[in-house]
Undergrad: 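Below you'll find the structure I mean.
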Amino acid sequence: MSGEDTGTAGGNGDGDGNGNGNGNGNGNNTAYLVELASALRASGLPDERIDATVADLATHLEQTGTDAVEEFGPVGEFAGQLAPPDGAGAAENPVETWRWTADTYADEALLNRFGAEGWEVERIDALGRFVSRRDTEQVQQWEYRRELVSLLGREGLDERLAPDGWEACGNWLVYAWFKRPVAVREGPAAELAAPPPRPAAPGFRAAFGRRFRWTLAVTAAVIVAVAVTVGVLEGDAASGLGFATGLLAGAAVPLALMAVASWRTERARARADSEAL
Amino acid sequence: MSATPADRRASWFKGVLDLLVLASLTGGESYGYEIAKSLDAAGFGRIKGGTLYPVLNRLEEAELVAAEFRAAEKGPGRRYYTLTDAGRAVLKEQGAQWLAFDASVRELLAEGGVA
């Protein structure tokens with residue numbers, strides 16, 4: 001693994017490295033096994049396992065009379081197969097991941113923009129961010145849509161959209177997002193030859209559009225105006241403040257309940273999704 | 001070190017998905033969702049679009065299936081896939097190879113006491 005991956009057993013031994021079956025690769029084979037043991041040690045494999053593996057391989061080479069490089073391949077690669085790094089599974093295409101956020105005034109446009117660059121949303125995390133991935137070798141384009149759902153159920157929405165290739169990819173409060181590969185419409189033409197450069201995460205202004213900021217500002221202004229009015233009418237600033245606090249707390253409770261319900265739905269969906277092939 | 005049951009199943013599935021798609025088209029033309037549904041009904045579970053469509057693309061590029069986009073009466077329309085003669089030949093040849101492989105696996109597993 002470390003820096004030894006191109007080393008072959010040939011090159012410093014007595015043979016010329018192409019002995020195949022007549023025992024003239026023995027010196028090379030020994031060098032190969034020594035190098036292999038050191039690569040396995042560097043990868044953190046326990047000594048007893050290394051000893052057992054190397055002994056086993058030596059017997060194999062002896063009995064088959066083959067050259068180690070021909071039989072097992074370059075020593076670094078073979079060591080990597082014998083002791084893959086943690087988390088390395090079957091050879092999959094490399095994947096990029098990315099989390100980003102946007103309000104519901106800007107999300108569809110941004111989702112479709114990033115989808116056209118190959119980003120697939122897998123789920124929405126507890127902070128409401130889109131958890132996205134992109135296969136860097138086989139880059140498919142994706143398209144998205146958002147639908148309103150009730151907290152009590154989706155009333156067959158998934159089944160209605162599925163025949164056109166839409167799959168649920170996230171829930172947040174009363175919103176459900178769906179994705180589908182553009183290949184559903186365009187076939188192979190929807191595949192990108194190479195992934196475009198990774199986009200910068202949308203800035204605050206792009207992620208939270210003017211309408212969202214206006215809605216927030218108007219809501220805050222209304223709460224302040226009502227609080228001031230209550231304070232003036234009752235001649236007591238504290239009661240105006242209390243009214244505003246009560247208003248905010250009253251709104252926070254159903255919002256929190258909605259957030260919990262939606263988070264549970266999303267968690268169940270993401271779990272089912274992870275079991276799909 | 002060893003793969004989880006889900007990983008192992010996914011890797012078997014990926015090795016044979018193209019043949020399964022070709023096989024699912026022997027009954028006539030179909031579209032992505034219908035193909036996914038037939039694989040699900042056959043016991044493979046839900047197939048994600050991200051798994052199925054790259055395979056359909058590869059089969060189309062290799063001219064093993066032909067695709068045609070057709071407008072629907074309502075809705076945006078769909079791409080319908082049909083098996084080509086080349087696809088039928090590949091299915092026959094590689095399907096037979098798979099069955100031979102499967103028979104060897106079964107034989108060895110039976111020897112190993114797996115019923």
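Atoms considered below: every heavy atom in the structure, side chains included; atoms not considered: hydrogens, waters and symmetry mates.
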Undergrad: So which atom in B/Arg9 and which in A/Leu277 form the shortest heavy-atom distance, rounded to 0.1 Å?
TA: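 Looks like NH1-CD1, 3.9 Å.
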Undergrad: Please determine whether the number of non-hydrogen atoms from other residues, nucleotides or ligands lying under 6.0 Å from atom CD of B/Glu63 exceeds 12.
TA: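 No, CD of B/Glu63 has 12 or fewer neighbouring heavy atoms, counting only those of other groups under 6.0 Å.
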Undergrad: Any chance you could measure B/Asn57, atom CG, to A/Gln138, atom CD, to the nearest 0.5 Å?
TA: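 Separation between the atoms: 8.0 Å.
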Undergrad: Could you check which of B/Gly32, B/Pro54, B/Ala36 has the highest count of heavy-atom pairs closer than 4.5 Å to chain A?
TA: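 Counting heavy-atom pairs under 4.5 Å, the top option is B/Pro54.
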Undergrad: Would one find more than 12 heavy atoms of other residues, nucleotides or ligands at under 6.0 Å from atom CD of B/Gln94?
TA: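 Yes, the 6.0 Å shell around CD holds more than 12 heavy atoms from other groups.
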Undergrad: So which part of B/Ala10 gets closer than 4.5 Å to some heavy atom of chain A, the side chain, the backbone, both or neither?
TA: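 Both the backbone and the side chain of B/Ala10 come within 4.5 Å of chain A.
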Undergrad: Assess whether atom CZ of B/Arg106 is packed by more than 12 heavy atoms of other residues, nucleotides or ligands within 6.0 Å.
TA: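 Open: at most 12 neighbouring heavy atoms sit under 6.0 Å from CZ of B/Arg106.
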Undergrad: Tell me whether the count of non-hydrogen atoms from other residues, nucleotides or ligands lying under 6.0 Å of CD in A/Glu48 goes above 12.
TA: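 It does not: A/Glu48 CD has 12 such atoms or fewer within range.
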Undergrad: Does A/Glu167 use its side chain to pair, donor to acceptor, with the backbone of B/Gly49 at less than 3.5 Å?
TA: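 Such a contact is found between A/Glu167 side chain and B/Gly49 backbone.
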Undergrad: Between A/Pro163 and chain B, with a heavy-atom cut-off of 4.5 Å, which part of the residue counts as in contact: side chain, backbone, both or neither?
TA: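 Answer is both: backbone and side chain atoms of A/Pro163 are under 4.5 Å from chain B.
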Undergrad: From the options B/Tyr33, B/Tyr31, B/Tyr53, B/Phe69, select the one residue that forms a side chain to side chain contact (heavy atoms under 4.5 Å, CB included) with A/Val184.
TA: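 Testing each of B/Tyr33, B/Tyr31, B/Tyr53, B/Phe69 against A/Val184, the sole residue satisfying side chain to side chain contact (heavy atoms under 4.5 Å, CB included) is B/Tyr53.
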Undergrad: Step through the shown structure and confirm whether more than 12 heavy atoms of other residues, nucleotides or ligands are within 6.0 Å of CD on B/Gln97.
TA: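 Yes - once you tally the heavy atoms of other residues, nucleotides and ligands closer than 6.0 Å, there are more than 12.
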Undergrad: Is the number of heavy atoms from other residues, nucleotides or ligands under 6.0 Å of B/Phe13 CZ greater than 12?
TA: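 Enclosed.
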Undergrad: If you count the non-hydrogen atoms of other residues, nucleotides and ligands that lie under 6.0 Å from CG in B/Asp85, is the total more than 12?
TA: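 No.
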Undergrad: How far apart are the closest heavy atoms of A/Asp164 and B/Arg78, and which atoms are they?
TA: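 Smallest heavy-atom distance, with atoms named: OD1-NE, 3.3 Å.
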Undergrad: Run the numbers on B/Glu61 and A/Glu191 for side chain to side chain contact (heavy atoms under 4.5 Å, CB included), then give the verdict.
TA: CA-CA 12 Å; B/Glu61 281 172 328; A/Glu191 205 164 296; 5.6 Å; no
Undergrad: Identify the two heavy atoms, one from A/Pro188 and one from B/Glu60, that lie closest to each other, and give their separation to 0.1 Å.
TA: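 So the minimum-distance heavy-atom pair works out to CD-OE1, 3.0 Å.
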Undergrad: Below 4.5 Å from any heavy atom of chain A, which atoms of B/Leu56 appear? Answer side chain, backbone, both or neither.
TA: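 Interface part for B/Leu56: neither.
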Undergrad: Is A/Trp142 in contact with chain B via its backbone, its side chain, both, or neither, using a 4.5 Å heavy-atom distance?
TA: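 Contact with chain B involves the side chain of A/Trp142 alone.
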